[in-house]
Every structure is written in structure tokens, then in C-alpha cells.
Asker: 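Handing you this structure, nothing more for now.
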Amino acid sequence: MKISLSTVRQFPAQVWIVSLATLLNRSVGFLALFSAIFFQSFEVSANTITLALFAVGVAGVLGAVAGGRIAERVGSAQVLVIGSLVNVPLLVMLALFADDITVSILVAAVSVAVSQSFVGPSATLITDSGYKGPTVTAFAFYRIFLNVGSIVAPAIAGILGFVDFRLLFLLSAAGSLAAFAVLFFSRNRLGEVAHTAREGEAEAAGGQEGAAPATDSSAMRRARLWTVIAVFGVTIAIYAQHQSGIPLSVQRLDNGDRLYALLLLINPIIIVLTELPLSTVTAKFKWSHAYALGVFATAVGLAVCGLASSWAVCIAAFVVFSLGEAVFAPLANASVARLARPRENARYQGYLSAAQSAGIALGPGIGAWGVLHDRSLFWVVVIVLGAVLAAASVFAGMSSARSSSSGKQHIKTAA
């Protein structure tokens with residue numbers, strides 16, 4: 001499960017460029033992480049804060065869909081370049097009007113929409129980078145930069161504090177400007193779309209993981225695509241329980257707050273260290289089976305952690321949860337890229353991002369309600385739901401399995 005330096009060097013420039021731009025944006029992405037704290041600093045009513053968070057959440061979903069749709073028409077690189085530039089004045093405006101709740105809500109919603117519009121086009125550029133290995137490995141490499149950025153942002157905020165959000169938003173504007181510079185001066189390389197990643201994946205996986213079979217009807221292919229997207233969205237809602245259901249569940253244990261802080265440290269470390277090497281292993285298996293395993297491990301790991309009565313069991317279960325995330329997260333993008341036709345890949349990557357945004361927005365509230373009403377029942381439901389999602393994941397790959405099997409039989413007969 002080791003990744004050599006030569007393997008890392010095989011990633012095309014396009015993957016490095018998109019990954020670096022993502023790192024720059026995420027390392028100063030304070031609005032997405034701390035919007036609740038920001039709106040609460042206005043000392044307004046709970047209803048106003050809820051409305052503000054709802055507006056930002058909806059904007060994120062709409063932005064993800066719009067980003068994929070626009071990229072389908074004008075190109076993914078253009079969406080990233082223009083979006084990075086547009087976000088600079090938005091973040092500066094947010095810093096200047098940080099004492100006006102109405103303006104802040106409106107500008108924050110637009111800024112989050114623009115930020116979420118990056119996700120689909122970024123995934124499309126990773127898919128079309130021309131990487132010769134499994135597509136899931138390219139996504140796992142890209143997600144290292146994304147996750148490191150998600151660690152850096154809280155660290156910076158922790159050092160600077162939340163006394164002056166103006167400074168944080170100005171840093172965000174600087175990061176967006178830096179990302180724009182990287183993307184703008186590299187736009188020629190980003191335009192060199194090879195459309196060979198899925199062919200390389202099929203070759204690396206022995207023909208097991210190619211694009212959607214030609215025998216699939218359009219309706220069947222779309223059904224499989226939407227199954228992958230729906231499973232991902234619901235799994236992200238389950239994943240979001242580490243922000244609500246888990247802290248509410250472990251607080252009953254001795255020093256539960258310290259335990260939760262430790263769990264939040266364990267998760268990103270496991271993701272950064274294991275996601276890339278695990279992708280080289282999962283690429284050797286049927287993609288839908290690996291996807292199902294990751295989804296089920298995520299649900300079971302969280303549920304056992306929520307039900308655990310000791311630190312040891314809780315930590316072990318959280319490790320399982322983190323490994324599940326390391327498996328299913330890059331596979332989601334890779335699976336959509338595999339099933340979608342090249343011209344519609346950006347659109348469906350946008351839908352996948354929208355499903356993620358919806359899951360993140362709805363998951364914590366659902367988890368808090370469930371744990372506070374009946375903790376044991378809630379976590380049992382999560383396990384059952386994880387099993388259902390895993391079964392749906394297997395269904396999404398059944399057509400490929402039949403096609404691959406019949407293809408092998410045809411080869412044997414011809415021989």
C-alpha cells in the first residue's frame with residue numbers, strides 16, 4: 001500500500017495545478033468553516049442565524065449545480081479562473097461590511113455559491129488530465145491538497161482568533177487571488193484535455209473498470225449515475241454526524257470533550273496518510289463493491305462510536321469511519337466520471353457536489369435531533385441505512401458486471 005516518488009511524478013501538470021489552486025483556496029476558506037460563528041457574532045436572534053445558514057447552504061447547492069452546467073458550455077478551466085477572480089471582490093466586500101448583517105448574508109451566500117461552483121469543474125479537470133493510472137488514484141491525490149487545506153484553515157483561525165473576521169476574510173481574498181494567478185498563468189496547460197484517464201483506468205484495472213458499457217441504455221446509465229450521486233449525498237449526511245451526533249453522544253463519557261477533540265484530530269491524519277495508497281488497492285476491485293464497502297464502513301464506524309461506552313472502542317470505531325471515508329470519497333468522483341459521457345461529466349460532477357453540499361447542510365441538524373431524542377435508536381438506523389446504501393452502490397455497478405462477464409465469455413468462445 002506504499003506510494004513511490006515515481007508514482008507521484010506520474011501525475012500530469014493539470015492535476016498539480018488544480019490541486020495547488022484548491023490548497024490555496026481551502027487554506028483560507030474561513031467562511032465555509034466558520035459561517036455559524038461569524039453570523040452569531042452579530043448578536044442577532046437564533047431565527048436570523050438559522051435563516052443566514054440556510055441561505056448560505058442553499059447557495060452552495062445552487063452554485064455547485066451552476067458550476068457544472070456552465071463548465072459544460074464554456075469549459076472547466078474558464079469556470080475556475082473566472083470564479084477565483086470574482087470571489088476576490090466578494091470577500092473584500094465581506095470584510096468591509098462585516099458589521100452589516102443583511103449585506104453579510106447576501107455577500108456570503110454569493111461567495112459560497114461561487115466557491116462551490118469550483119468543485120464540479122475541478123473534478124472534471126482531474127478526470128481529463130490524461131493520468132494513465134486509475135482515476136480514483138488521481139482523485140485521492142487531489143484530495144490530499146483539499147484535506148490539508150481543511151486542516152490549515154482552522155489552525156490559522158485558531159492562532160488569529162475570531163475577534164476580527166475582517167482580517168480572516170481579507171486573507172481569504174488573498175488566497176483566492178493567489179489561486180487565480182496560478183490558474184490564469186497555467187490556463188494553457190489546463191486547456192490540454194486528453195480524455196484518456198478512463199482508458200488508463202480500464203487498462204490498469206484489467207478492463208474491469210472502464211466507462212459505462214455501450215450496451216447500457218441512456219435511461220439505465222442515468223439511473224446508475226443518479227444512484228451513485230444519491231448514495232454519496234446520503235452518505236455525506238451520515239458523515240456529517242461527526243459534527244453533531246458524535247459530540248452529543250460522547251459527551252456522556254468521562255472527559256467526552258477531550259475525546260471529541262482527539263477524534264477530530266485522528267480523522268484528517270488518517271485521510272491524508274491513507275487515502276492515496278488505499279486508492280491503488282480499491283482500483284483493483286470492482287468499483288461498485290469498493291464504493292459499497294467504504295459507505296458501509298463509514299456508517300458502521302460512526303454508529304459504533306456513537307454507541308460505545310469506552311474511549312478505546314470509540315477511537316477504534318472512528319478509525320474505521322475515517323478509513324471508510326478514505327475509500328468512498330475519491331471513488332464517488334471517479335465513479336461519476338466512469339459512468340458519464342465526456343461531454344456531460346462536468347454537469348454530473350456538479351450534481352455530485354450539490355449532493356455533498358445538501359448532505360453537509362442537512363446532516364448535522366438531523367443527527368442532533370436523532371441523538372437528543374433516542375441515541376441508541378438513531379445509531380441503529382444509521383447502520384441499517386448504511387447497509388441499504390451499500391446495496392444501492394452494488395446495484396449501480398451491476399450492469400458493468402454483466403457486461404464485463406459477457407465480454408469475457410465472448411472472448412473465451414472466440415478463442
Asker: Could you tell me which non-hydrogen atom of Asp100 sits nearest to which non-hydrogen atom of Val103, and how far apart they are?
Answerer: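 Looking at all heavy atoms of both residues, the closest pair is OD1-N, 3.2 Å.
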Asker: Which pairs of donor and acceptor atoms, one on a side chain in residues 46-64, lie under 3.5 Å apart (sequence neighbours left out)?
Answerer:
| from | atom 1 | to | atom 2 | distance (Å) |
| --- | --- | --- | --- | --- |
| Thr48 | OG1 | Ser45 | OG | 2.9 |
| Thr50 | OG1 | Ala46 | O | 2.9 |

Asker: Angle class for the Tyr131/Phe11 ring planes (parallel below 30°, perpendicular above 60°, tilted otherwise)?
Answerer: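 Parallel, since the angle between the ring planes stays under 30°.
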Asker: Inspect the contact between Glu344 and Arg222 and indicate whether a charged nitrogen and a carboxylate oxygen are less than 4.0 angstrom apart.
Answerer: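 Salt bridge between Arg222 and Glu344, a charged N being under 4.0 Å from a carboxylate O: no.
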Asker: Mind checking what makes side chain to side chain donor-acceptor pair (under 3.5 Å) contact with Trp369, not counting sequence neighbours?
Answerer: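 Listed in chain order: His373.
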Asker: Is the Tyr239-Phe321 ring centre distance short of 6.0 angstrom?
Answerer: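 So the answer is yes for these two rings.
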Asker: Give the minimum heavy-atom separation between Gln243 and Tyr260, together with the two atoms involved.
Answerer: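 Between these two residues, the closest heavy atoms are CA-OH, 3.5 Å.
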Asker: Working to the nearest 0.5 angstrom, can you tell me the gap between Thr124 OG1 and Asp128 CG?
Answerer: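 Going from OG1 on Thr124 over to CG on Asp128, the span is 6.5 Å.
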Asker: Any cation-pi pair here, Arg375 with Phe378, using under 6.0 Å and within 45°?
Answerer: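 No.
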Asker: Could you state the interatomic distance from CG (Leu263) to CZ (Arg258), rounded to the nearest 0.5 Å?
Answerer: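 Spacing of CG (Leu263) from CZ (Arg258) equals 12.5 Å.
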Asker: Got a sec, which residues hit side-chain contact (heavy atoms from CB on, under 4.5 Å) with Pro154, two or more places apart in sequence or on another chain?
Answerer: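 Partners of Pro154 by the side-chain contact (heavy atoms from CB on, under 4.5 Å) criterion, ordered by chain and then number, come out as Leu33, Phe34.
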Asker: Restricting to non-hydrogen atoms, name the atom on Leu94 and the atom on Ser104 that form the minimum distance, rounded to 0.1 Å.
Answerer: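 Smallest heavy-atom distance, with atoms named: CD1-O, 3.6 Å.
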Asker: Just jot down the side chain to side chain donor-acceptor pair (under 3.5 Å) partners of Ser111, sequence neighbours excluded, or say none.
Answerer: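 Scan of Ser111 (side chain to side chain donor-acceptor pair (under 3.5 Å), adjacent residues dropped) gives Asn87.
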Asker: Centroid-to-centroid, Trp311 to Phe318, below 6.0 Å?
Answerer: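 Ring centres of Phe318 and Trp311 not closer than 6.0 Å.
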Asker: Once you round to the nearest 0.5 Å, how far does CG of Leu339 lie from CH2 of Trp226?
Answerer: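 The CG atom of Leu339 sits 13.0 Å away from the CH2 atom of Trp226.
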Asker: Using the test side chain to side chain donor-acceptor pair (under 3.5 Å), find all partners of Ser357 that sit at least two apart in sequence or belong to another chain.
Answerer: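 Only Gln116 meet the side chain to side chain donor-acceptor pair (under 3.5 Å) criterion with Ser357.
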Asker: I'd like to check the ring pair (Phe, Tyr, Trp, His ring centres under 6.0 Å) partners of Phe118; sequence neighbours left out, ordered by chain and number.
Answerer: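 None.
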Asker: Minimum heavy-atom separation for Val228 and Tyr291, please, with both atom names.
Answerer: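 Between these two residues, the closest heavy atoms are O-OH, 3.1 Å.
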Asker: Return a table of donor-acceptor pairs under 3.5 angstrom between the side chains of residues 300-310 and protein atoms on other chains or two or more places apart.
Answerer:
| from | atom 1 | to | atom 2 | distance (Å) |
| --- | --- | --- | --- | --- |
| Ser310 | OG | Val313 | N | 3.4 |

Asker: Parallel, tilted or perpendicular: which fits the ring planes of Tyr142 and Phe139, with parallel below 30° and perpendicular above 60°?
Answerer: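 Ring orientation of Tyr142 relative to Phe139: perpendicular.
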Asker: Please assess Ser218 against Arg341 for the test side chain to side chain contact (heavy atoms under 4.5 Å, CB included), listing each intermediate value before the final yes or no.
Answerer: CA-CA 10 Å; Ser218 295; Arg341 294 193 177 104; 3.7 Å; yes
Asker: Test your reading of the model: is there a side-chain donor-acceptor pair from Gln14 to the backbone of Ile126, 3.5 Å cut-off?
Answerer: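 No: the side chain of Gln14 does not pair with the backbone of Ile126.
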Asker: One pair to check against side chain to side chain contact (heavy atoms under 4.5 Å, CB included): Trp379 and Ser249. What are the steps and the verdict?
Answerer: CA-CA 10 Å; Trp379 290 120; Ser249 294; 3.0 Å; yes
Asker: CD1 of Ile269 to CG of Leu265: how many Å apart, nearest 0.5 Å?
Answerer: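 Result: 4.0 Å between the selected atoms.
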Asker: Would Gln349 and Asn333 satisfy side chain to side chain donor-acceptor pair (under 3.5 Å), going step by step from the backbone distance to the final call?
Answerer: CA-CA 7 Å; Gln349 294 289 354; Asn333 292 106; 2.9 Å; yes
Asker: Looking at Val114, is its backbone amide N or carbonyl O close enough to the side chain of Ser117 to form a donor-acceptor pair, meaning the two atoms are under 3.5 Å apart?
Answerer: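 At least one qualifying donor-acceptor pair exists.
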Asker: Might you work through the ring-ring contact (aromatic ring centres under 6.0 Å, His included) test for Phe38 and Phe30, ending with a clear yes or no?
Answerer: CA-CA 10 Å; Phe38 171 57; Phe30 305 114; over 10 Å; no
Asker: Listed by chain and number, what are the side chain to side chain donor-acceptor pair (under 3.5 Å) partners of Ser322, not counting sequence neighbours?
Answerer: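 With neighbours one apart ignored, the set is Asn267.
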Asker: Mind checking the CG-CD1 spacing from Leu276 to Ile144? Nearest 0.5 Å is all I need.
Answerer: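 If we round to the nearest 0.5 Å, Leu276:CG and Ile144:CD1 are 4.5 Å apart.
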Asker: Mind checking the CG-CG spacing from Leu23 to Leu20? Nearest 0.5 Å is all I need.
Answerer: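 Taking CG in Leu23 and CG in Leu20, the distance rounds to 6.0 Å.
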Asker: Between Leu80 and Ser122, which heavy-atom pair has the shortest distance, and what is it?
Answerer: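 The answer is CD2-OG, 3.5 Å.
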Asker: Any pair with a residue in residues 62-76 that passes side chain to side chain donor-acceptor pair (under 3.5 Å), sequence neighbours left out, goes on the list, sorted by first then second residue, please.
Answerer: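 Qualifying pairs, neighbours excluded: Arg69-Tyr351, Glu72-Arg347.
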Asker: Filter on side chain to side chain donor-acceptor pair (under 3.5 Å), then keep only pairs touching residues 159-184, sequence neighbours left out; what's left?
Answerer: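 Every pair satisfying side chain to side chain donor-acceptor pair (under 3.5 Å) with a residue in residues 159-184: there are none.
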Asker: Give every residue pair that meets the ring pair (Phe, Tyr, Trp, His ring centres under 6.0 Å) criterion with at least one member in residues 73-101, sequence neighbours excluded.
Answerer: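 Sorted result for residues 73-101: empty, none.
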Asker: Could you pull out the closest heavy-atom pair between Ala326 and Thr274, with the gap in Å?
Answerer: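 For Ala326 and Thr274, the tightest heavy-atom pair comes out as CB-OG1, 3.8 Å.
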Asker: Pair Val148, Phe145 - check side chain to side chain contact (heavy atoms under 4.5 Å, CB included), show working.
Answerer: CA-CA 5 Å; Val148 169; Phe145 292 78; 5.8 Å; no
Asker: What side-chain donor-acceptor pairs closer than 3.5 Å can you find for residues 384-396, not counting sequence neighbours?
Answerer:
| from | atom 1 | to | atom 2 | distance (Å) |
| --- | --- | --- | --- | --- |
| Ser393 | OG | Leu389 | O | 2.9 |

Asker: Checking the side chain of Ser27 only, and the main-chain atoms of Leu24 only, is there a donor and an acceptor separated by less than 3.5 Å?
Answerer: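 Not at all, since once roles are kept as given, no pair shorter than 3.5 Å links the two residues.
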